[in-house]
Amino acid sequence: MSGTTHTYSMDELVSLCKRRGFIYPASEIYGGINGFWDYGPLGTALKNNLRDRWWRDMVKRPPLGPDGNEISIVGLDSSIIQNPRVWEASGHVGGFNDPMVDCRETKSRYRADHLACLGIKGNASGQIYAFVSGDDESLASARKKLEKYIKRSLDDAELDTCALTDLSADELAVTVGPDTKNAGTLTEPRMFNLMFESYAGAIKSEDSKVYLRPETAQGIFLNFGNVVDTMRVKVPFGIAQIGKAFRNEVTPRNFIFRSREFEQMEIEWFCHEDEAEHWFEFWCDVRSKWWQSIGLTGDNILMRKHDDDELAHYAREGCGTFDIEYRFPFTHPGFGELEGVAHRGNYDLTRHQEFSKKKLSYFDQPKNERYIPHVIEPSAGLSRGTLALLCEAYTPDPDRASKVYMAFHPSIAPIQAAVFPLVGKDGMPEIAATLWAELRERWDVVTDVKQSIGKRYARMDEAGCPFCFTIDGDTASDQAVTVRHRDTQAQERIALDKVSAFMAARVG
RNA sequence: GCGGGCGUAGCUCAAUGGUAGAGCGUCAGCCUUCCAAGCUGAAUGUUGAGGGUUCGAGUCCCUUCGCCCGCUCCA
């Protein structure tokens, strides 16, 4: 499937995920719950392999920097629930606790209760002009547009104002936004509170309200000072974290692609402002190659820089944002985001310094300079990565018994090898048990003596197990086994005592 | 959030308003020397859930939950 267009529907993949224990709907026996999914045994193994690979390659054995030496990255595991003021500083509360109105044309967003409307008394059919209440300039602009529309000047007594939230849908359709000349560009007021709320403690009140984190990044910024003080790190360095995040998405959709509970793998790379661009390029390159190293190599993966008009609030200046995207069956022929590498400037640390009144600057001894570091953030979706691996692996093959196999890269396959006695007698199960015990010390290996060999191979195809080692009647005498390759169904014979070496060479 | 479609066994699907089934899978036994083989048998359903119409509802109506598609949205 690698490098080709997907030729299957998402339904088929979802069906296999259920059938073979990769992913189940959450709370299924109660009818499910929108936006939540459970990982079955094989899905958990796959996700854990992806997670562990990331942690190994980014934290335990980080990449080599431009100077040829390993860069410095430390791990962190911060709490899902933090002091609510964290989310005020980060900008997540504010835009999200109040009904908001978007302008489709200018992409501006306004608090609905901050907008008022200007019209002519007794004239319901004309256009209505929105302005920011309390802002004289905005009001003057609205009045000017209104006068231009009716082609005459107006007395104050003719004017009628009301709150935007009092408008009907029909009225909103003829309303001109504060920063535009065309009517009907404003959306209806909507709650954008994408954060899940809960209450810490027994008393359920405003004072005890807390939020589940909508991103893991803030936990890293909160601990920047602690890490600098305790870990003898020097800028540039990174802090990495893997964990769950929660967003109360309006429309969860596309299997686990947009769910309300998901996992992220994030690095916040702290560096001097002057070196930010250089490190941005470095991380774009490192992260692109990493996804390729786990099997996402073909036309289905895309690396691209964001257009300026789609940048997040924290990334409008600087190097911009680089996306690593995957062509999922449901986005085809388009792409969906797997990871974003963003230059966040020093927005977050600066904001937390302001809000917390705690110094979050860094003193650079060699430069003899105190500054708030800039941040390059490679933020990857673990759930989305798992989905991309599933999509990439799914390979229909009408010529084989299972009709489909999962072509996982051997290093991240949930089952990396199977050991089968050809039949359950003549000493074959005993040899299989010995080989299985040897291999499972290092790899994820299963063994199975039941039913026909074909049926067992077929099961392994759907589970995505790359290698099956079969003990037959000759093994006892020639000390050799048959290796059956998942992708080609080809077989070869290798020495029993070379199986571990075979696995080490291909799986790692 | 809006509009449309769908929901029957683990999966894929049947069943004029009239006794809920098949294939595959799963499991057990026998057999079996390289690709879901063969034989025998078994388990599994409040037909997503809850109401209503009817002598009788998987089927018709209402509500709700979930999934898919198209808009909208995705800081």
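Per chain, numbering begins at 1; letters A, B, ... match sequence-line order. Values below: all heavy atoms of this structure, side chains included; hydrogens, waters and symmetry mates excluded.
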What integer number of Å spans the C1' atoms of B:rU32 and B:rA22?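 Each nucleotide's C1' atom is 28 Å from the other's.
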Going by atom types only, do [X] and [Y] share a side-chain donor-acceptor pair under 3.5 Å?
{"X": "A:E266", "Y": "A:T216", "value": "yes"}
{"X": "A:H352", "Y": "A:Q218", "value": "yes"}
{"X": "A:S477", "Y": "A:D474", "value": "no"}

Give one of base, sugar-phosphate or nothing for [X], where a contact means two heavy atoms less than 4.0 Å apart.
{"X": "A:D399", "result": "nothing"}
{"X": "A:R400", "result": "nothing"}
{"X": "A:T482", "result": "base"}
{"X": "A:E12", "result": "nothing"}
{"X": "A:M428", "result": "base"}
{"X": "A:D472", "result": "base"}
{"X": "A:P214", "result": "base"}

Taking the inter-plane angle between the rings of A:H485 and A:F467 on a 0 to 90° scale, is it parallel (under 30°), tilted (30 to 60°) or perpendicular (over 60°)? perpendicular
